[in-house]
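Quick caveat: nothing in here was measured; it's all calculated off a predicted structure. Atoms considered below: every heavy atom in the structure, side chains included; atoms not considered: hydrogens, waters and symmetry mates.
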Amino acid sequence: MKKLAREFYLREAVILARELLGKVLVHESSEGTTSGIIVESEAYAGPEDKAAHTWNNRRTSRTEIVFGEGGFAYVYLVYGRYHCFNVTAGIAGKPECVLVRALEPLDGTDLMKSRRNTRIIKNLCSGPGKLCSAMGITRELYGEDLCGDELYILDNDYPDLNITASPRIGIDYAEEYRDYMWRFCISGNEYISRDK
């Protein structure tokens with residue numbers, strides 16, 4: 001499998017969110033290598049998207065990386081406890097990103113189980129906070145170049161890639177944008193999140 005090139009990321013978030021499904025996220029850390037197939041994602045379409053951190057071109061120290069070009073890690077903390085991993089999308093100046101919501105674990109599952117304190121494979125990466133914990137992704141990886149050698153995404157020929165779209169999760173505040181069908185999943189995959 002080849003590492004995705006910069007050009008792959010230089011597209012709108014809604015397109016990138018679909019295209020990331022079936023690809024393999026890899027983290028090479030001092031503890032070991034972990035990886036998983038991306039099976040669920042959500043697009044955040046920048047300034048016009050009321051669910052996005054960059055809605056109305058809101059620019060803060062936290063969102064600064066999203067204003068650059070695609071292919072970098074946007075990692076932030078929610079509820080003061082859980083990390084979320086996003087992939088920046090598109091061209092510089094148009095702040096869009098894709099939240100990676102769930103992975104199908106591949107390599108390093110013993111390390112993932114230790115980090116998550118569970119032996120249940122289906123529970124390792126079935127949500128954005130869970131996958132960050134299992135993969136060892138923290139704010140220390142904020143701004144990491146996904147074309148580099150520590151945190152990156154590999155191309156992958158996923159068999160029978162059938163994608164379903166639905167509204168995003170946990171964005172009731174986003175008015176009409178809460179109904180946009182910008183959450184994407186590999187149909188029937190048992191590792192997607194169960195949040196409603």
Side-chain angles (χ1 to χ4, degrees), residues 1-27 36-78 83-103 125 127-129 131-132 135 137 139 141-148 150-156 158 161 163-171 174 176-186 192-193:
M1 288 185 282
K2 287 175 59 175
K3 193 180 297 179
L4 296 177
R6 177 75 61 213
E7 292 73 27
F8 180 88
Y9 301 103
L10 303 182
R11 55 183 100 187
E12 295 176 355
V14 175
I15 296 170
L16 183 62
R18 293 180 67 96
E19 294 294 321
L20 281 170
L21 294 180
K23 305 296 190 267
V24 176
L25 177 64
V26 181
H27 182 204
I37 298 169
I38 298 172
V39 298
E40 182 181 356
S41 63
E42 285 181 348
Y44 288 86
E48 68 275 4
D49 182 358
K50 293 177 182 177
H53 293 162
T54 56
W55 175 62
N56 206 20
N57 273 312
R58 188 180 315 129
R59 195 166 189 159
T60 65
S61 58
R62 179 172 84 160
T63 63
E64 187 64 31
I65 193 66
V66 189
F67 283 83
E69 66 180 354
F72 291 84
Y74 172 38
V75 183
Y76 58 86
L77 204 61
V78 291
H83 289 96
C84 289
F85 166 69
N86 296 255
V87 176
T88 62
I91 60 173
K94 192 166 189 305
E96 300 187 5
C97 66
V98 175
L99 171 65
V100 177
R101 285 196 55 87
L103 302 174
C125 301
L131 79 84
C132 281
M135 293 287 289
I137 297 173
R139 281 183 295 178
L141 291 167
Y142 175 96
E144 189 72 22
D145 186 347
L146 300 178
C147 295
E150 184 175 355
L151 185 66
Y152 53 90
I153 301 174
L154 299 173
D155 204 352
N156 182 34
Y158 190 92
L161 186 59
I163 297 171
T164 57
S166 61
R168 294 170 292 179
I169 293 170
I171 58 161
E176 72 274 19
Y177 280 84
R178 69 185 176 192
D179 299 319
Y180 280 45
M181 307 287 275
W182 287 351
R183 175 191 179 207
F184 304 99
C185 301
I186 295 178
I192 64 172
S193 68

Using residues 61-70 as the side-chain source, report each donor-acceptor pair under 3.5 Å to any protein atom, sequence neighbours left out, with the distance given to one decimal.
unit_1, atom_1, unit_2, atom_2, d
R62, NH2, H53, ND1, 3.4
R62, NH2, H53, NE2, 3.3
T63, OG1, R58, O, 3.4
T63, OG1, T60, N, 2.9
T63, OG1, T60, O, 3.4
T63, OG1, T60, OG1, 3.4
E64, OE1, R59, NE, 3.1
E64, OE2, R59, NE, 3.3
E64, OE2, R59, NH2, 2.8

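- Taking 4.5 Å as the limit, every side-chain heavy atom of R178 sits out of range of all side-chain heavy atoms of R168.
- The two residues I192 and V39 make their nearest non-hydrogen contact at CG2-O, 3.7 Å.
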*H83 vs I137, side-chain contact (heavy atoms from CB on, under 4.5 Å): CA-CA, chis, key distance, verdict*: CA-CA 7 Å; H83 289 96; I137 297 173; 5.6 Å; no
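- How far CE of M1 is from CG of D155: 9.0 Å, rounded to the nearest 0.5 Å.
- With rounding to the nearest 0.5 Å, the separation of CD in E42 from SG in C185 is 8.5 Å.
- Contact of the I171 side chain with the W182 side chain is not registered, since no non-hydrogen atoms from C-beta on lie closer than 4.5 Å.
- The closest donor-acceptor contact from the side chain of N57 to the backbone of P47 lies at 3.5 Å or more, if one exists at all.
- Annotation: salt bridge (charged side-chain N to carboxylate O under 4.0 Å, His left out) contacts involving residues 90-99, sequence neighbours excluded, comprise E48-K94, K94-E96.
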Show the atom names and distances, to 0.1 Å, of all donor-acceptor pairs under 3.5 Å that link a side chain in residues 10-21 to residues at least two apart or in another chain.
unit_1, atom_1, unit_2, atom_2, d
R11, NE, F8, O, 2.6
R11, NH2, F8, O, 3.3

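- Minimum heavy-atom separation, V78 to C84: CG2-SG, 4.0 Å.
- The structure places CD of E40 at 5.5 Å from CD1 of I169, a figure rounded to the nearest 0.5 Å.
- The shortest distance between side-chain heavy atoms of Y180 and D49 does not fall below 4.5 Å.
- Side-chain contact between L141 and F85 is absent, with no heavy-atom pair separated by less than 4.5 Å.
- The minimum heavy-atom distance linking G143 with F72 is given by the pair O-CD2, 3.5 Å.
- In this structure, I38 and L103 have side chains that are in contact, with non-hydrogen atoms separated by less than 4.5 Å.
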*Which is it for H27 and L151 under the side-chain contact (heavy atoms from CB on, under 4.5 Å) test, yes or no, and what are the steps along the way?*
CA-CA 5 Å; H27 182 204; L151 185 66; 3.9 Å; yes
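- Using a 4.5 Å heavy-atom threshold, the side chains of R101 and S41 count as separate.
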*Would you please test R6 and D145 for side-chain contact (heavy atoms from CB on, under 4.5 Å) and show each step?*
CA-CA 9 Å; R6 177 75 61 213; D145 186 347; 2.8 Å; yes
*Step by step, would you call L146 with L4 a side-chain contact (heavy atoms from CB on, under 4.5 Å)?*
CA-CA 8 Å; L146 300 178; L4 296 177; over 6 Å; no
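- Of all heavy-atom pairs spanning Y74 and C97, the tightest one is CD2-SG, 4.1 Å.
- Of all heavy-atom pairs between A102 and G127, the closest is CB-N, 4.1 Å.
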